[in-house]
Protein chains: 2
Amino acid sequence: MTARVLEHPPAEEIRLEEVLHALADPARLEIVRFLAAAGAEVPCSAIDLAVSKSTTTHHYRVLREAGVITQVYRGTSKLNGLRRADLDRLFPGLLDSVVNAAEGQRADTGPATAPTP
Amino acid sequence: MTARVLEHPPAEEIRLEEVLHALADPARLEIVRFLAAAGAEVPCSAIDLAVSKSTTTHHYRVLREAGVITQVYRGTSKLNGLRRADLDRLFPGLLDSVVNAAEGQRADTGPATAPTP
DNA sequence: ATGGTAGTCCGACGGACGTCGGACTACAGT
DNA sequence: ACTGTAGTCCGACGTCCGTCGGACTACCAT
């Protein structure tokens with residue numbers, strides 16, 4: 001049986017271009033935005049992405065292999081978390097500015113999780 | 001004859017994902033990094049990219065169409081400049097963090113413009 | 001053991017992307 | 001007018017990417 005352990009790139013191997021590429025997709029950007037907003041580890045199923053399960057798995061893997069998120073098995077599901085410490089150290093300010101920008105643009109395209117009081 | 005004027009997207013139409021995608025390529029990242037370092041408008045020929053002329057044109061266009069740079073004809077050449085004001089307003093901190101990160105990583109992959117004495 | 005739930009793996013497919021050479025246009029200088 | 005320089009446009013080619021369905025595995029609960 002497999003060790004049920006996911007491969008994560010060490011911090012030194014995280015490449016800026018790969019991170020930018022990983023963030024340059026609506027679904028993946030939404031995942032990152034969500035994780036940043038949650039501020040905690042959440043299972044894949046907590047974020048629904050309007051794509052199939054296979055595609056969802058694919059996007060999470062791209063993020064993990066780029067060094068943007070961590071994934072650990074937890075019972076029947078898998079917890080995803082931002083690699084905030086690593087990213088902030090390698091690319092100071094990048095994650096925050098991207099997440100802020102994503103929040104801003106999301107408002108443009110129509111409110112989805114931000115209920116207008 | 002053509003008006004010799006390049007099309008630029010208005011600031012309101014600049015999309016975060018397109019900007020990130022535009023930045024997620026070594027050649028284009030180098031262009032942006034160079035422009036940021038220069039702090040001025042420079043002709044295409046000032047930055048050499050280890051790709052063909054056609055490809056160079058292509059990369060500049062991607063950057064322009066994503067709203068990252070401006071291009072204006074100036075005699076026989078073309079001046080390229082960062083749309084810093086627009087980008088800073090739309091995505092505060094993004095450009096700076098990307099450029100800083102690019103500077104940092106460039107040092108990792110080997111000194112190119114930092115001559116070792 | 002059985003069933004359900006969460007996610008993975010494996011082709012496959014169409015479209016986008018980076019790259020190129022080569023012919024072309026626009027401008028400046030002589 | 002001629003030449004050189006700077007950049008553009010146009011296929012073309014191979015590769016990567018996002019997407020999917022469907023079969024599969026791992027785990028928990030009953």
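Because the structure is predicted, anything quoted here is derived from the model rather than measured. Keep in mind that the numbers below use all heavy atoms, side chains included, and drop hydrogens, waters and symmetry copies. Below, chain A is the first sequence line, B the second, and so on; all start at residue 1.
- Residue B:Lys53 contributes atom NZ, which lies 14 Å from atom P of D:dG4 at whole-angstrom precision.
- Along DNA chain D, the nucleotide nearest to A:Thr55 and the one nearest to A:Gly75 differ in position, and the one closer to the 5' end is contacted by A:Thr55.
- Side-chain atoms of A:His8 do not come within 3.5 Å of backbone N or O of A:Arg64 as any donor-acceptor pair.
- Side-chain atoms of B:Ser54 and base atoms of C:dG21 include a donor and an acceptor less than 3.5 Å apart.
- Note: CG (A:Leu79) to C1' (C:dA6) measures 12 Å, nearest angstrom.
- In terms of polar N and O atoms assigned as donor or acceptor, the side chain of A:Ser45 never comes within less than 3.5 Å of the base of C:dG7 in a complementary pairing.
- Counting any heavy atom pair closer than 4.0 Å across all strands shown, A:Tyr73 reaches sugar-phosphate atoms only and no base atom.
- The distance between atom CD of A:Glu18 and atom P of D:dC16, rounded to the nearest whole Å, is 13 Å.
- Candidate nucleotides D:dA6, C:dT5, D:dG7 were compared by shortest atom distance to the side chain of A:Thr76, and C:dT5 ranks first.
- Checked by distance alone, B:Thr57 brings no side-chain donor or acceptor within 3.5 Å of a matching partner on the base of D:dG7.
- On a pure distance criterion of 3.5 Å, no polar donor-acceptor pair joins the side chain of A:Thr56 and the base of C:dG7.
- Of the candidates D:dC10, C:dG18, C:dC9, C:dG18 carries the atom nearest the B:Arg28 side chain, counting heavy atoms from C-beta on.
- Within the 4.5 Å cutoff, the side chain of B:Pro26 has heavy atoms near those of the A:Glu17 side chain.
- For the pair B:Phe91/A:Ser97, no side-chain contact is recorded, criterion being any heavy-atom separation below 4.5 Å from C-beta on.
- Interatomic distance, B:Leu87 CG to B:Ile69 CD1, rounded to the nearest 0.5 Å: 11.0 Å.
- The separation between A:His21 atom NE2 and D:dC17 atom C1' is 7 Å, rounded to whole Å.
- To the nearest angstrom, C1' of D:dG18 lies 17 Å from CD of A:Glu30.
- The distance between atom CZ of A:Arg74 and atom P of C:dG7, rounded to the nearest whole Å, is 13 Å.
- For the residue pair A:Thr55 / A:Ser52, a side-chain donor-acceptor distance below 3.5 Å is found, with atom types taken as modelled.
- With distances taken from any side-chain atom of A:Cys44 to the nucleotides C:dG7, D:dC10, D:dC20, the minimum falls on C:dG7.
- Distance, B:His59 NE2 to C:dC20 C1': 11 Å, rounded to whole Å.
- Nucleotide D:dC20 holds its P atom 11 Å from the NE2 atom of A:His58, rounded to whole Å.
- Contact annotation: A:Arg61 reaches the phosphate of C:dC9 (side-chain N/O to OP1 or OP2, under 4.0 Å).
- Under 4.0 angstrom from either OP1 or OP2 of D:dC20 there lies at least one side-chain N or O belonging to A:Ser52.
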